[in-house]
Trainee: 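Sharing a structure here in structure tokens format.
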There are 2 protein chains.
Amino acid sequence: MSTILDIAKLAGVAKSTVSRYLNGGSVGEATKKKIEQAIQETGYSPNPFAQSLKAKKTNIIGTIVPRLDSYASSQTLIGIDEQLKKLNYQMLISNTSQNLEREIESIYSFANQKMAGIILLATEITDQHIQAFESVKIPVLLIGQEHKNFHSLIHDDYDAGYAMGQYVLEKGYRKIAYLGVTERDISVGVKRKQGFKRAIQEVEDCDVRFYETLFNIPAAQASAKEIIHEFKPAIFVCATDNIALGVLKASYSEGITIPRDLAVTGFGGYDVTGIIHPGITTAKFFYKEAGETAARHIVELVNERTVEKITVSKFEIIERESVDNLLKRPL
Amino acid sequence: MSTILDIAKLAGVAKSTVSRYLNGGSVGEATKKKIEQAIQETGYSPNPFAQSLKAKKTNIIGTIVPRLDSYASSQTLIGIDEQLKKLNYQMLISNTSQNLEREIESIYSFANQKMAGIILLATEITDQHIQAFESVKIPVLLIGQEHKNFHSLIHDDYDAGYAMGQYVLEKGYRKIAYLGVTERDISVGVKRKQGFKRAIQEVEDCDVRFYETLFNIPAAQASAKEIIHEFKPAIFVCATDNIALGVLKASYSEGITIPRDLAVTGFGGYDVTGIIHPGITTAKFFYKEAGETAARHIVELVNERTVEKITVSKFEIIERESVDNLLKRPL
DNA sequence: GTTTATTTCGGAACCGGTTCCACTTATTGA
DNA sequence: TCAATAAGTGGAACCGGTTCCGAAATAAAC
């Protein structure tokens with residue numbers, strides 16, 4: 001591997017001149033040619049460590065992700081990655097396997113490695129997060145959750161909840177089980193439910209019950225089975241697509257046909273909801289686009305430009321077979 | 001951020017002594033204490049760039065992955081990541097979005113960044129790959145494909161194909177459509193098919209036709225639709241779970257019931273095959289475990305220890321509802 | 001009580017870049 | 001034509017570590 005000194009010697013100039021050439025300083029035409037040729041010959045490319053050592057900064061954005069094996073995560077990562085590449089930045093992923101401790105460790109570790117900025121695919125913001133972010137003094141961007149101290153990019157959970165509520169009501173459903181998650185997750189556990197509630201409040205005579213379950217499919221399936229027997233809802237409005245999948249499994253095992261005997265909706269727009277049969281009606285979020293926006297924003301922040309504190313990413317209701325139109329059913 | 005010089009001053013010693021302390025050289029008890037305290041006070045941690053600059057090497061394993069949004073990829077990455085963490089290495093992911101050019105670029109880029117080793121989740125090994133790997137002189141490990149020049153970790157595609165063939169025959173199927181992929185992918189396109197063929201050769205009177213499609217669901221769906229009309233197979237043996245999902249979609253849209261009118265099998269063991277209804281019978285590979293083994297192996301190679309050239313990861317046939325037992329059907 | 005071997009430690013060079021500063025040369029203006 | 005200004009270049013210091021080497025201090029050997 002050749003160094004800048006090799007190039008300098010080959011071109012017959014000082015290494016400071018080569019450096020200036022590389023970084024766009026003033027260099028004469030003749031020397032430019034010589035340096036260019038030397039670089040061609042050797043295939044030289046600067047040692048990034050030496051650069052970062054001097055610059056005290058890298059062009060890497062550390063991205064903390066709670067899990068790699070989720071549709072939302074991977075789509076978001078893809079968006080971030082592609083956009084960062086275009087902006088000449090790199091993405092470094094830290095997978096925390098849903099361990100909040102590791103998120104904190106990753107923050108400090110990223111700081112130690114002089115990351116230019118940090119993106120956190122957030123599920124929950126604790127005091128430790130706040131403390132860590134404030135002590136490292138690196139630009140931070142949250143995706144998926146908002147917090148007054150930090151810039152963030154969120155999905156339009158409230159409006160999606162509202163739209164989903166309206167959709168369900170329009171289709172004629174009135175006996176509704178809302179299967180949500182913990183309220184520690186503001187976006188998924190609180191916002192979606194609040195939006196949904198507002199839609200419900202606009203009609204009368206509605207029998208809605210709110211339940212809480214976990215994010216994984218088996219837990220959702222167990223909860224659903226219980227609710228089916230106890231409440232006998234006409235529809236499950238689930239806070240995530242995975243929960244909706246759990247409901248689907250429960251209804252198969254109970255011999256209930258969807259959408260004839262029971263309807264289901266989700267949130268997320270995961271690929272799988274369109275692959276299976278019946279397809280699940282869901283509020284699709286644009287994860288990849290959100291990732292792209294996040295990448296653009298963190299780079300802006302790194303370069304000390306201003307960015308809106310909160311950016312809201314859009315959604316879209318996708319209608320599939322898991323919800324019937326009760327009003328058009330033959331009596 | 002404090003430097004090694006700050007620590008040296010605080011402890012009243014030379015920075016070489018601090019460095020020796022950090023790297024386990026000979027340091028007196030008294031000075032040890034002083035340095036320890038200075039480090040405690042400042043929360044010092046060495047600048048990794050300065051270290052790498054001198055060492056000309058990092059403890060990072062570059063991992064090249066063709067796509068992030070696939071079950072196999074993310075499971076493998078999780079396995080690699082977890083194991084590398086335990087071995088005090090880091091993983092850096094480069095997503096190439098199924099672009100072979102980018103794989104080559106990533107190889108050179110990793111070399112430039114002085115990665116300790118490279119893991120490639122391979123789909124196809126071209127001459128350019130070989131040239132790149134040989135010129136960078138960094139330990140390399142292939143996952144998913146084998147090549148005589150490199151160490152590799154592969155899934156037991158041939159045996160899985162054979163086992164799947166036996167399974168299908170045992171269930172009484174004789175009119176079979178094998179829906180495979182391009183033979184440029186040795187593991188998926190060649191090995192699985194070969195194993196399957198061997199099983200077929202062991203029986204007589206078998207009407208098997210081999211087809212080729214792409215890896216994505218819509219393409220598989222289109223192919224399946226055509227084959228259904230043209231050949232009317234009793235079962236589709238698909239080279240991947242995604243292709244099996246395509247067949248499922250095609251049969252829904254054609255009004256064919258699975259497994260009553262048509263059976264389907266896949267390869268991979270993707271989560272989704274167990275979530276949907278009917279579940280798909282598949283040959284499950286152990287991606288996460290494979291990733292863990294890969295991580296162990298690349299670290300061995302980095303440390304110049306010997307590793308078997310080819311390691312074969314196991315599989316398991318998972319029986320689900322998508323295949324019926326024809327022999328037990330009431331006539 | 002020397003001599004020799006061992007341990008501990010500081011100084012300096014080095015890794016491969018960037019940047020400041022001073023010097024030379026060319027250009028411009030009066 | 002000469003001073004003032006700008007452009008181009010080299011030298012040296014610096015970023016924050018590691019490592020080699022030799023000196024000093026301590027321990028062991030005789």
Side-chain angles (χ1 to χ4, degrees), chain A residues 1-39 41-60 88 90 109-116 137, chain B residues 1-39 41-60 88 90 108-116:
Chain A
M1 214 60 225
S2 50
T3 72
I4 198 171
L5 195 62
D6 299 330
I7 305 299
K9 281 183 188 159
L10 239 169
V13 298
K15 65 174 187 168
S16 50
T17 306
V18 178
S19 176
R20 235 177 291 116
Y21 166 80
L22 257 16
N23 298 293
S26 72
V27 183
E29 278 307 318
T31 35
K32 243 180 213 172
K33 290 266 183 296
K34 286 189 288 182
I35 295 174
E36 262 163 25
Q37 201 194 330
I39 291 179
E41 278 178 34
T42 55
Y44 166 77
S45 131
N47 181 325
F49 297 115
Q51 293 182 306
S52 306
L53 175 58
K54 182 73 186 181
K56 301 186 167 195
K57 199 185 181 188
T58 61
N59 63 158
I60 305 177
N88 278 315
Q90 263 198 86
S109 158
F110 278 162
N112 188 237
Q113 291 178 77
K114 309 281 185 289
M115 300 286 121
K137 291 171 183 158
Chain B
M1 215 60 224
S2 50
T3 73
I4 199 171
L5 195 61
D6 299 330
I7 305 299
K9 282 182 188 161
L10 238 169
V13 298
K15 64 175 188 167
S16 51
T17 307
V18 179
S19 175
R20 234 177 291 117
Y21 166 82
L22 258 14
N23 298 293
S26 74
V27 184
E29 276 308 317
T31 36
K32 241 180 215 172
K33 290 267 183 295
K34 284 188 291 182
I35 295 174
E36 262 163 26
Q37 201 195 330
I39 291 179
E41 276 178 36
T42 55
Y44 166 77
S45 133
N47 180 324
F49 298 114
Q51 292 182 308
S52 306
L53 174 57
K54 182 73 188 185
K56 299 187 168 197
K57 199 185 181 188
T58 61
N59 64 157
I60 306 177
N88 277 315
Q90 263 197 86
Y108 289 113
S109 158
F110 278 162
N112 188 237
Q113 291 178 77
K114 311 281 186 285
M115 299 286 121

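This one's a predicted model, so the numbers in the text were calculated from it and none came from an experiment.
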Trainee: In whole angstrom, what separates B:Leu53's CG from D:dC14's P?
Mentor: 17 Å

Trainee: Roughly how many Å is it from NZ in B:Lys34 to P in C:dT8, rounded to a whole number?
Mentor: 14 Å

Trainee: Please identify each residue that fulfils side chain to side chain contact (heavy atoms under 4.5 Å, CB included) with B:Lys54, with sequence neighbours left out.
Mentor: none

Trainee: Using a heavy-atom cut-off of under 4.0 Å over every strand shown, decide if A:Thr31 touches base, sugar-phosphate, or nothing.
Mentor: sugar-phosphate

Trainee: Starting at atom CG of B:Leu10, determine the distance to atom P of D:dG16, rounded to an integer number of angstrom.
Mentor: 16 Å

Trainee: Specify the angle, to 10°, made by the local axes at the two ends of the helix from C:dG1-D:dC30 to C:dA30-D:dT1 when five pairs are taken at each end.
Mentor: 40°

Trainee: CD1 of B:Ile35 versus C1' of C:dG10: gap in Å, rounded?
Mentor: 12 Å

Trainee: Name the pairs: protein N/O against N/O of nucleotides 18-21 of chain C, kept only if under 3.5 Å.
Mentor:
from: C:dT18; atom 1: OP1; to: A:Asn23; atom 2: ND2; distance (Å): 3.2
from: C:dT18; atom 1: OP1; to: A:Gln51; atom 2: NE2; distance (Å): 3.2
from: C:dT18; atom 1: OP2; to: A:Ser19; atom 2: OG; distance (Å): 2.6
from: C:dT18; atom 1: OP2; to: A:Asn23; atom 2: ND2; distance (Å): 3.4

Trainee: Closest heavy-atom contact between B:Ala14 and B:Ala8?
Mentor: C-CB, 3.8 Å

Trainee: Would B:Thr42 and B:Leu10 count as a side chain to side chain contact (heavy atoms under 4.5 Å, CB included) here? Give the steps.
Mentor: CA-CA 10 Å; B:Thr42 55; B:Leu10 238 169; 3.7 Å; yes

Trainee: Looking at D:dG8, I'd like to know if its phosphate oxygens (OP1 or OP2) sit under 4.0 Å from a side-chain N or O belonging to A:Lys32.
Mentor: no

Trainee: Could you walk me through whether A:Met1 and B:Lys114 pass side chain to side chain contact (heavy atoms under 4.5 Å, CB included), step by step?
Mentor: CA-CA 11 Å; A:Met1 214 60 225; B:Lys114 311 281 186 285; 4.2 Å; yes

Trainee: How long is the line joining OH of B:Tyr21 and C1' of D:dG17, in whole Å?
Mentor: 17 Å

Trainee: As an exercise, state the distance from CD1 of A:Ile35 to CD1 of A:Ile7, rounded to the nearest 0.5 Å.
Mentor: 9.0 Å

Trainee: Could you go through B:Leu22 and B:Tyr44, starting from their C-alpha distance and side-chain angles, then the distance that decides it, and tell me whether this counts as side chain to side chain contact (heavy atoms under 4.5 Å, CB included)?
Mentor: CA-CA 11 Å; B:Leu22 258 14; B:Tyr44 166 77; 3.9 Å; yes

Trainee: Starting at atom NZ of B:Lys57, determine the distance to atom P of C:dG16, rounded to an integer number of angstrom.
Mentor: 16 Å

Trainee: Starting at atom CG of A:Asn112, determine the distance to atom P of D:dG16, rounded to an integer number of angstrom.
Mentor: 13 Å

Trainee: Can you tell me how far P of D:dG17 sits from NZ of B:Lys9, to the nearest Å?
Mentor: 13 Å

Trainee: What are the two closest non-hydrogen atoms of A:Thr58 and A:Met115, and how far apart are they?
Mentor: OG1-CA, 3.6 Å

Trainee: Tell me the closest heavy-atom pair linking B:Glu36 and B:Tyr21, and the distance in Å.
Mentor: CG-OH, 2.7 Å

Trainee: For a quick check of understanding: with a heavy-atom distance under 4.0 Å over all strands, which category does A:Ser26 fall into, base, sugar-phosphate or nothing?
Mentor: base

Trainee: So B:Ile4 and B:Pro46, do their side chains get closer than 4.5 Å, heavy atoms only?
Mentor: no

